[in-house]
Amino acid sequence: MTDNAAGEILADVHRGVGRILLNRPEALNALTTDMVLAIDRVLAEWEHARLSRVVLASTGPKAFCAGGDIRTIREHSLAGDAGASERFFASEYRLNARIAEYGVPVVSLIDGLCMGGGLGLSVHGGFRVVTERAVLAMPETAIGFFPDVGASYFLPRLPGAIGMYLGLTGHRLDAADALYTGLGTHFVPSHEFEAVGDALADHPDEPVDVVLSRLAGRSPVARSRLAAVRGDVDRAFGAPTLGEIEDRLGHLGTAWASSALAALESASPHSLDVTHDLLARGRQRTLRECLDAELALTRTLIRTPDFLEGVRAALVDKDRTPVWRPARQGRPRRGAESSQ
């Protein structure tokens with residue numbers, strides 16, 4: 001394999017299948033600007049090759065990709081280096097668009113964590129294979145940020161109000177939930193994962209779906225916990241405003257509703273406002289329009305006190321006790337909107 005980005009990206013072509021491996025295991029494959037540029041460069045070069053498909057995977061079992069290297073973005077903000085942050089987000093979103101528009105099928109093999117930027121790498125491709133160890137999430141509101149990497153495009157297109165629920169709360173999906181929502185397309189047990197690339201190479205003329213379905217183990221989708229509360233998800237998170245979402249959760253009074261409400265109450269109020277508006281508008285936008293809107297948001301949001309504080313609490317000091325700016329600023333508390 002060819003080393004890129006100081007060995008953090010490994011790439012080669014094996015019997016007509018392009019393979020890109022994320023190789024930063026000590027950081028759970030958190031994406032740096034150099035890694036993003038390396039992946040984009042490889043994909044650009046392969047556009048002129050005779051490939052049957054491209055596979056994205058990780059060299060380690062703990063994570064496919066835990067997201068962008070957001071600690072470094074915070075450091076850029078504190079140093080006043082807006083240009084460095086702009087380069088990262090612009091490069092990342094350009095890569096997301098390239099994957100979505102790529103000329104051959106892109107197959108992501110998700111074993112372990114897949115969060116934030118990891119979903120940006122995988123969801124825009126046509127096929128997302130998950131194992132029993134897969135964990136998917138967009139947890140950005142908990143760090144004072146918002147679901148980006150095209151999430152304002154793909155989350156609103158999930159069934160019902162699931163996308164709004166995932167974007168606001170950062171709820172973690174296991175393999176069963178990922179398959180239920182469609183964020184995962186196929187299930188292959190982890191012990192069979194190594195066979196996926198060879199199977200794709202062995203059958204270049206067969207549809208990818210057929211090859212993957214042949215490898216699939218017994219799907220865990222019937223055990224989806226999200227499916228069990230789907231009615232409540234749609235009822236609560238289909239509300240038109242944040243205040244009404246909280247009001248409906250409060251009236252449900254179930255364990256799931258209490259957990260969802262706690263997630264909202266612990267998140268950055270500013271991030272919730274931004275995210276709700278972004279996802280509400282996303283359904284009527286193209287992917288590129290969504291990415292443009294997200295890029296514009298990053299320019300201001302990464303300098304806000306909530307972003308600096310959220311990343312500090314989650315990733316720097318790791319005390320998990322962020323102190324947000326005054327809660328509910330500019331937004332009535334639960335039930336207040338429905339009483340007006």
Side-chain angles (χ1 to χ4, degrees), residues 67-68 70-71 73-74 77-78 85 89 115-116 119 137-149 151-152 155-156 161-172 232-233 235-253 256-283 290 293-340:
I70 211 73
R71 282 185 62 170
I73 299 301
R74 178 180 186 269
S77 295
L78 291 172
S85 295
F89 288 115
M115 298 185 178
L119 280 168
M138 295 296 294
E140 288 78 10
T141 60
I143 59 168
F145 197 53
F146 65 93
D148 64 330
V149 295
S152 61
L155 286 180
I162 288 174
M164 186 66 76
Y165 168 54
L166 299 181
L168 291 176
T169 67
H171 175 74
R172 293 188 173 199
D232 287 348
V233 170
R235 168 65 181 159
F237 286 87
T241 65
L242 275 168
E244 192 168 344
I245 288 173
E246 294 177 318
D247 192 45
R248 292 182 184 184
L249 288 171
H251 280 98
L252 282 171
W256 169 81
S258 296
S259 176
L261 192 54
L264 293 179
E265 291 177 342
S266 66
S268 158
H270 181 238
S271 290
L272 293 176
D273 286 329
V274 168
T275 298
H276 186 271
D277 181 69
L278 194 64
L279 297 185
R281 296 176 186 276
R283 192 183 292 270
C290 285
E294 292 170 12
L295 184 59
L297 270 174
T298 65
R299 294 180 181 126
T300 55
L301 201 138
I302 61 174
R303 297 196 296 269
T304 62
D306 271 12
F307 174 77
L308 300 176
E309 171 65 3
V311 178
R312 177 207 65 77
L315 301 174
V316 181
D317 298 333
K318 300 182 181 180
D319 56 32
R320 305 287 175 179
T321 56
V323 179
W324 307 122
R325 68 181 193 175
R328 316 294 180 189
Q329 193 169 42
R331 177 162 59 86
R333 278 194 174 273
R334 229 175 33 242
E337 293 182 13
S338 59
S339 66
Q340 293 178 352

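Residue numbers start at 1 and run along the sequence shown. Values in this document were obtained by computation on a predicted structure and should not be read as measured data.
- Every side chain to side chain donor-acceptor pair (under 3.5 Å) that Arg299 has, sequence neighbours left out, goes to Glu86.
- Within the structure, salt bridge (charged side-chain N to carboxylate O under 4.0 Å, His left out) contacts touching residues 315-324 (residues at least two apart or in different chains) are Arg312-Asp317, Arg312-Asp319.
- His276 is linked by a side chain to side chain donor-acceptor pair (under 3.5 Å) to nothing, counting only residues two or more places apart in sequence or in another chain.
- Taken to the nearest 0.5 Å, the CG atom of Leu155 stands 10.5 Å off from the CZ atom of Arg283.
- The aromatic rings of Phe145 and Phe307 are tilted relative to each other, their planes meeting at an angle between 30° and 60°.
- Here the shortest heavy-atom pairing between Val274 and Leu297 reads CG1-CD1, 3.7 Å.
- Atom CZ in Phe146 sits 6.5 Å away from atom CG in Leu301 (nearest 0.5 Å).
- Considering CG of Asp277 and OG1 of Thr241, their distance stands at 12.5 Å, rounded to 0.5 Å.
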Pair Leu278, Asp148 - check side chain to side chain contact (heavy atoms under 4.5 Å, CB included), show working. CA-CA 10 Å; Leu278 194 64; Asp148 64 330; over 6 Å; no

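- For Ala239, the side chain to side chain contact (heavy atoms under 4.5 Å, CB included) partners are Glu244, Ile245, Arg248, not counting sequence neighbours.
- Nearest heavy atom pair, residue Pro322 against residue Ala313, reads N-CB, 3.7 Å.
- Considering every non-hydrogen atom in both Ser85 and Ile302, the closest pair reads CB-CD1, 3.4 Å.
- Among all heavy-atom pairs drawn from Pro147 and Thr275, the shortest one is CD-OG1, 3.2 Å.
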Let me see the working for Ser77 and Leu308 under side chain to side chain contact (heavy atoms under 4.5 Å, CB included), right down to the final yes or no. CA-CA 8 Å; Ser77 295; Leu308 300 176; 3.9 Å; yes

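- Closest heavy-atom contact between Leu252 and Ala257: CB-CB, 3.8 Å.
- With sequence neighbours excluded, the residues satisfying side chain to side chain donor-acceptor pair (under 3.5 Å) with Glu294 are Ser152.
- Between the side chain of Glu309 and the backbone N or O of Trp324, no donor-acceptor pair lies under 3.5 Å.
- Side-chain contact check for Met164 versus Leu279: some heavy-atom pair is nearer than 4.5 Å.
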Determine whether Leu264 and Leu249 satisfy the following criterion, side chain to side chain contact (heavy atoms under 4.5 Å, CB included), listing intermediate values before the conclusion. CA-CA 10 Å; Leu264 293 179; Leu249 288 171; 3.8 Å; yes

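- Thr304 contributes no side-chain N or O that, together with a main-chain N or O of Thr300, makes up a donor-acceptor pair within less than 3.5 Å.
- With sequence neighbours excluded, no residue forms a side chain to side chain donor-acceptor pair (under 3.5 Å) with Arg71.
- In terms of modelled atom types and a separation under 3.5 Å, the side chain of Thr298 and the main chain of Leu295 share a donor-acceptor contact.
- Within the model, atoms CZ of Phe237 and CG of Leu242 stand 9.0 Å from one another, a figure rounded to the nearest 0.5 Å.
- A pairwise comparison of heavy atoms in Asp306 and His270 identifies OD2-CB, 3.9 Å as the closest pair.
- Between atom CD of residue Glu246 and atom CD of residue Glu265 there is a gap of 6.0 Å, rounded to the nearest 0.5 Å.
- Of the inter-residue distances, the one linking Arg74 atom CZ with Leu315 atom CG reads 9.5 Å to the nearest 0.5 angstrom.
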Stepwise, does the side chain to side chain contact (heavy atoms under 4.5 Å, CB included) test hold for Glu140 with Ile70? CA-CA 10 Å; Glu140 288 78 10; Ile70 211 73; over 6 Å; no

